[in-house]
Amino acid sequence: MENQPKLNSSKEIIAFLAQRFPHCFIAEGEARPLKIGIFQDIVARLTEEDGISKTQLRSALRMYTSSWRYLYGVKEGAKRVDLDGNDCGDLESEHVAYARQQLIEAKARIHAQRTEQKLRKREFQQKAQKTDNEKALPATSSKRNEALRSTTKEINKKNKHYSYSKNQAKKAHNSKMANLTKLQPVTDISTLKVGQVLKVMVGQSIVDASVLEIAKDGVRVQLTTGLAMIVRAEHLKF
């Protein structure tokens, strides 16, 4: 699988998976929760002619399972499916709660980005208007002055709202980091057991995982999204 990569983006790989396994993956609409261990099932069915490396496959699955349409599908009453669309059991409550939290955080980030874009656009328009006013005759109309004051008030209102959104996001991050400091680091992976539940640092987030395998170079764990990965001891917490 590593020698002949033909698909170069995660979107292309997801489209390929939707075509190869249409009862499991979908290219559009609300996605169904995947079977835990689906990565190994896919690897077992792919050939060198498919041209997908394991690294590319992991990235594509990460994009698929972190998308809004997948997170919406991780809900009460939904069942996990295998590559052939067969039910593989109910979702656990912590998996549903994790998906809901990921959606909330994603929506907050998008809202903050859109608010910032709107503010930048208004600031640009305000500067352009100011330049036009300076080039024109001196403003003596009370209506023009009132319009300028109204625009300034609206911009100030948007700035306050944006600052509030940033403060809320910062508080949420600080709360996460405070909870992280209360956890105990894993200093000896030999003390871990297969099936044990612990915490894993993934980027700036900490997520629940279960131990699948203990190796010399790290610990192979299963995230609540179904993705399996190998991590070093310093990324594990109790």
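The chain is numbered in sequence order, starting from 1.
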| field | Results of side-chain hydrogen bond (donor to acceptor under 3.5 Å, both in side chains) for Arg120 - residues two or more places apart only | value | Glu116

| task | Check whether Val43 and Ile230 end up in the same hydrophobic cluster, where Ile, Leu, Val, Met, Phe, Trp and Tyr are linked by side-chain heavy atoms less than 4.5 Å apart. | result | no

| query | Asp41: what forms a salt bridge (charged side-chain N to carboxylate O under 4.0 Å, His left out) with it, not counting sequence neighbours? | reply |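 So Asp41 forms a salt bridge (charged side-chain N to carboxylate O under 4.0 Å, His left out) with Lys35.
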
| said: Among residues at least two apart in sequence or on other chains, which ones pass salt bridge (charged side-chain N to carboxylate O under 4.0 Å, His left out) with Glu30? | reply: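 For Glu30 the salt bridge (charged side-chain N to carboxylate O under 4.0 Å, His left out) partners, ignoring immediate neighbours, are Lys75.
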
Check [X] against [Y] and note the closest heavy-atom contact, atom names and distance.
| X | Y | result |
| --- | --- | --- |
| Ala27 | Ala18 | N-CB, 3.8 Å |
| Tyr70 | Pro33 | OH-CA, 3.5 Å |
| Ile38 | Val81 | CD1-O, 4.2 Å |

For the residue pair [X] and [Y], establish whether any side-chain heavy-atom pair is separated by less than 4.5 Å.
| X | Y | result |
| --- | --- | --- |
| Leu17 | Leu57 | yes |
| Phe21 | Asp82 | no |
| Leu83 | Arg45 | yes |

| said: Using a strict threshold of under 4.0 Å (side-chain N to carboxylate O), is an ion pair present between Glu154 and Arg122? | reply: yes

So how far is it from [X] [atom1] to [Y] [atom2], rounded to the nearest 0.5 Å?
| X | Y | atom1 | atom2 | answer |
| --- | --- | --- | --- | --- |
| Ile13 | Ser59 | CD1 | OG | 7.5 Å |
| Ser9 | Met63 | OG | CE | 7.5 Å |
| Met201 | Ile206 | CE | CD1 | 6.0 Å |
| Ile52 | Ile42 | CD1 | CD1 | 8.5 Å |
| Ile14 | Ile26 | CD1 | CD1 | 11.0 Å |
| Leu61 | Ser10 | CG | OG | 9.0 Å |

With [X] via side chain to side chain contact (heavy atoms under 4.5 Å, CB included) - residues at least two apart:
| X | result |
| --- | --- |
| Lys118 | none |
| Glu92 | Glu94, His95 |
| Val186 | Ile189, Leu192, Leu236, Phe238 |
| Arg58 | Phe39, Lys54, Arg62 |

Residues clustered with [X], ILVMFWY side-chain links under 4.5 angstrom:
| X | answer |
| --- | --- |
| Ile104 | none |
| Leu103 | Trp68, Leu71, Tyr72, Ile110 |
| Ile36 | none |

| said: If you apply the rule side-chain contact (heavy atoms from CB on, under 4.5 Å), what do you find for Thr65 with Leu34, and how did you get there? | reply: CA-CA 8 Å; Thr65 56; Leu34 300 177; 4.1 Å; yes

| task | Tell me, with the steps shown, if Glu213 and Val219 meet side-chain contact (heavy atoms from CB on, under 4.5 Å). | result | CA-CA 6 Å; Glu213 181 184 358; Val219 180; over 6 Å; no

| said: For Glu105 and Gln101, which I'm curious about, is there any donor-acceptor pair between the side chains at under 3.5 Å? | reply: yes

| message | Between Gln56 and Ser53, is there a side-chain donor-acceptor contact under 3.5 Å, judged purely by atom types and distance? | response |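 Result is yes, a qualifying pair exists.
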
| request: Please confirm whether the backbone N or O of Cys88 pairs with a side-chain atom of Arg80, one donor and one acceptor, at under 3.5 Å? | output: no

| message | Tell me every residue that passes ring-ring contact (aromatic ring centres under 6.0 Å, His included) with Phe25, counting only those two or more places apart in sequence or in another chain. | response | Tyr64

| task | Can you run down the side-chain hydrogen bond (donor to acceptor under 3.5 Å, both in side chains) pairs that involve residues 18-27, sequence neighbours left out, and say none if there aren't any? | result | Arg20-Asp50

| task | Test Asp87 against Arg32 for side-chain contact (heavy atoms from CB on, under 4.5 Å), laying out the working first. | result | CA-CA 10 Å; Asp87 290 344; Arg32 297 181 65 184; 3.1 Å; yes

